[in-house]
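Order of the sequence lines sets the chain letters (A, B, ...), proteins ahead of strands, with each chain counted from 1. All values reported here derive from a predicted model rather than from experimental measurement.
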Number of protein chains: 2
Amino acid sequence: MDIQAGDFYSALSHPMRLRAALLILKMDELCVCELTHALDLAQPVISRHLAQLKEAGILLARKQGLWVYYRINDALPNWALDVIQTTANGIMDSTPYKDDTQAISTMSDRPNQVCC
Amino acid sequence: MDIQAGDFYSALSHPMRLRAALLILKMDELCVCELTHALDLAQPVISRHLAQLKEAGILLARKQGLWVYYRINDALPNWALDVIQTTANGIMDSTPYKDDTQAISTMSDRPNQVCC
DNA sequence: TTGATATATATCAAAAAGTATATGTATAGT
DNA sequence: ACTATACATATACTTTTTGATATATATCAA
């Protein structure tokens, strides 16, 4: 996997993209509607941010039925995976990141269960 | 030290700011004219980038005579220091970062020796 | 105090990134 | 085939960031 460090940092430089990436790392895999719910963003907005993270090589998308699931691209170079994991370890217990996790956990009708 | 993760990533999201930060990490301390030389940027441009890194809490400045020396702020939270160090370990051997180091090493008249 | 050097800041135009909104596409159920 | 849902993309508009340039400040030496 060849990613430019500049692109990597640019992709994570938007607060919502950072939150999305860290939340996806923590939950392993999330679909667009779950992220829309957790981050309280309009669907086209989150879609575009996810597209940017995917274009930077940070996320992979998997389509399943109506849903598209995003996850961290584990083919990223180790330094990049380390950076994301280290950031998560450092800040996931603080606001707003911990609330995002909470929002996912308490989301009433997640797909694979019912839908969104 | 309280830094917002978003500000941290934003500060490093510009290619020149990332190069400057990694170069400063490697060389411990560099003045503006050394960075201007190594990164081949106009002085006001590098000054502004350095000001942004300082404002984000990533760099500290120390004035000595005519020169201002910048260094990594070691009061950053550990996750942030780890992230920078991990990135450096991962990419400093590749272009353009290795060339920046080379440019500093071969710079003919660095201050503390003669001046710039 | 004059001049030279190093750095910072201000201003403005250009470029990039962001948001909101509308629309398009794909899938699944009826 | 029709409808609803999930997601992506295009468009127009606004805001932010960046780069060039000019100018200001600070330090030191003559």
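- A salt bridge is defined here as a Lys NZ or Arg NE, NH1 or NH2 lying under 4.0 Å from an Asp or Glu carboxylate O, and A:Lys98 with A:Asp93 fails to meet this definition.
- Side chain of B:Val68, nearest nucleotide from D:dT18, C:dT7, C:dA20: C:dT7.
- Across every non-hydrogen atom of B:Ala88 and B:Leu25, the tightest pair is CB-CD2, 3.7 Å.
- Counting only heavy atoms from C-beta on, B:Val45 has its side chain closest to D:dG19 among D:dG19, D:dC7, C:dT7.
- One interatomic measurement links the two molecules: OH of A:Tyr69 to P of D:dA6, which rounds to 11 Å at whole-angstrom precision.
- Side-chain contact annotation: B:Ser10 with A:Tyr9, donor-acceptor N/O pair under 3.5 Å absent.
- Between the CD atom of B:Gln43 and the C1' atom of D:dT23 there is a distance of 12 Å, rounded to whole Å.
- As rounded to whole Å, 16 Å separates atom C1' of C:dT7 from atom CG of B:Leu39.
- Regarding contacts with the backbone of D:dA8, a side-chain N or O of A:Tyr70 is found under 4.0 angstrom from either OP1 or OP2.
- For the pair B:Ala11 and B:Arg17, the tightest heavy-atom approach, listed with the atom from each and the gap, is O-NE, 2.7 Å.
- Considering only side-chain N and O atoms, B:Gln52 lies under 4.0 angstrom from the phosphate OP1 or OP2 of D:dT18.
- Here D:dA8 presents its C1' atom at 11 Å from CG of A:Leu50, a figure rounded to the nearest Å.
- A 4.5 Å side-chain heavy-atom check between B:Arg62 and B:Glu29 finds at least one atom pair inside the cut-off.
- B:Tyr69 places a side-chain heavy atom less than 4.5 Å from the side chain of B:Glu34.
- Pairing for D:dA30 goes to C:dT1, judged as Watson-Crick or G-U wobble with the two contacts each under 3.5 Å.
- Using a distance-only test at 3.5 Å, with no hydrogens or angles considered, no donor-acceptor pair links the side chain of A:Arg71 to the main chain of A:Asp28.
- Partners of A:Tyr70 under the ring-ring contact (aromatic ring centres under 6.0 Å, His included) rule, at least two apart in sequence or in another chain, do not exist in this structure.
- OP1 or OP2 of C:dA17 has not a single side-chain nitrogen or oxygen of A:His49 nearer than 4.0 Å.
- Residue B:Arg48 contributes atom CZ, which lies 11 Å from atom P of D:dA20 at whole-angstrom precision.
- Counting to the nearest Å, the P atom of C:dA28 and the CH2 atom of A:Trp67 are 9 Å from each other.
- For A:Glu34 and D:dT5, the CD to C1' distance is 15 Å, given to the nearest whole Å.
- Across A:Leu59 and A:Ile24, no two heavy atoms sit closer than the pair CD1-CD1, 3.8 Å.
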B/S/- contact track for nucleotides 24-30 of chain D, protein heavy atom under 4.0 Å: --SBS--
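- One atom, NZ of A:Lys54, and another, P of D:dA8, lie 8 Å apart when rounded to the nearest Å.
- Of the residues in residues 8-22 of chain B, those placing a heavy atom less than 4.0 Å from an atom of DNA chain D are B:His14, B:Arg17, in numerical order.
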